[in-house]
Number of protein chains: 2
Amino acid sequence: MTNQKKLVLDFLRRDTSHPTAEAVWENVKKQLPQISRATVYRILDNFQKEGVIRVLETKPTRFDGQIEPHQHFICNNCGKIFDLKEEKVCRCLRDGSNMVSVGKVHSFNVNFYGLCQNCQTESDDNLNNKL
Amino acid sequence: MTNQKKLVLDFLRRDTSHPTAEAVWENVKKQLPQISRATVYRILDNFQKEGVIRVLETKPTRFDGQIEPHQHFICNNCGKIFDLKEEKVCRCLRDGSNMVSVGKVHSFNVNFYGLCQNCQTESDDNLNNKL
DNA sequence: TATTAAATAGGAATTATTATTATTTAGAAG
DNA sequence: CTTCTAAATAATAATAATTCCTATTTAATA
Ligand SMILES: [Mn+2]
Ligand SMILES: [Mn+2]
Ligand SMILES: [Zn+2]
Ligand SMILES: [Zn+2]
């Protein structure tokens, strides 16, 4: 854990604004002026792969130091990003109620990630061949 | 409805691969070689605003000519994007079953869009002041 | 202390997207 | 069928976001 990594992680755990990579860089620079953009991008990427931070599917990409399961409400007007507890998400999707604590939901978008059947079969085959 | 628009829309309605803007351009060029990238980007943006096509929250952005409500399964291995019927989505989120017809879901990400309470109040105020 | 591998800084390069502007085109009016 | 006008387009410049490259620094280890 280098100083650079520590500063990035500390910042993301304190900050609740779901900052962009650029914003993370700007903020960490206050404490380590010579830190490079590329370093911040690399560290964010590594943390994401380790599951230490979360990545939001926004443009530009935003980052979240809070990794307990929750989803996000993005205001169409002001652009602010609010946290939604998992429970509210399920209710909203289940019974069409579109009111949540932070506002009124107009639309939502879900991306599921996993292994498609082809790729599952392939990885099973590889495993069997090794045995 | 210009020829350019027609070709873009026809392509998106035929194609089920959820192509990028670049891929739309490459394909439409086959029939209209002088079409400009900027035109494709503008047309995609307009169609999106009119609700004629859907935009996927991917990097890079992808487009979908199918606008009946459905969600997407993105394979972590091969990157292919599969359509998921709404019903399966709800079941998956509701009772933790992570098997869907196209594969096994490892994770998912939901973005909700709407008006936050602040912005709702503001727009109510504006309405009242006009009366 | 010397060796080595990993991480970083700084900047170039690339990718994706948006902005600009001169030209073209699709209709409407005559 | 012409002329006019506004909208749409092509070509390209500019910008934004991200990734790549490489010389240098740092940390860990023998
Ligand atoms: Mn969050
Ligand atoms: Mn689809
Ligand atoms: Zn708002
Ligand atoms: Zn796959």
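Labels below follow one simple rule: chain letters A, B, ... track the order of the sequence lines, proteins then strands, and each chain is numbered from 1.
Between the CE atom of A/Met1 and the C1' atom of D/dT26 there is a distance of 16 Å, rounded to whole Å.
In this structure, CG on B/Asp45 lies 10.5 Å from OG1 on B/Thr61, to the nearest 0.5 angstrom. Once rounded to the nearest 0.5 Å, the distance linking NE2 of B/His106 with OH of A/Tyr113 reads 13.5 Å.
Between B/His70 and B/His18, the two ring planes are tilted [angle within 30° to 60°]. Using cut-offs of 30° and 60° for the angle between ring planes, the A/Phe108 and B/Phe112 rings count as tilted.
Heavy-atom neighbours of A/Lys80 NZ from other residues, nucleotides or ligands within 6.0 Å: at or below the threshold of 12.
Side chain to side chain, B/Asn109 and A/His72 fail the donor-acceptor criterion of an N or O pair below 3.5 Å.
Between B/Asp10 and B/Arg14 no salt bridge is recorded (no basic side-chain N to carboxylate O distance below 4.0 Å). Salt bridge status for B/Glu57 with A/Lys59: absent, with no side-chain N to carboxylate O gap under 4.0 Å.
Close approach of DNA chain C to chain B, defined as any atom under 4.0 Å from a non-hydrogen atom of the protein, starts and stops at C/dA16 to C/dA19.
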Q) Just by protein heavy atoms under 4.0 Å, how would nucleotides 9-25 of chain D read 5' to 3' in B, S and -? A) BBBB----SBBB-----
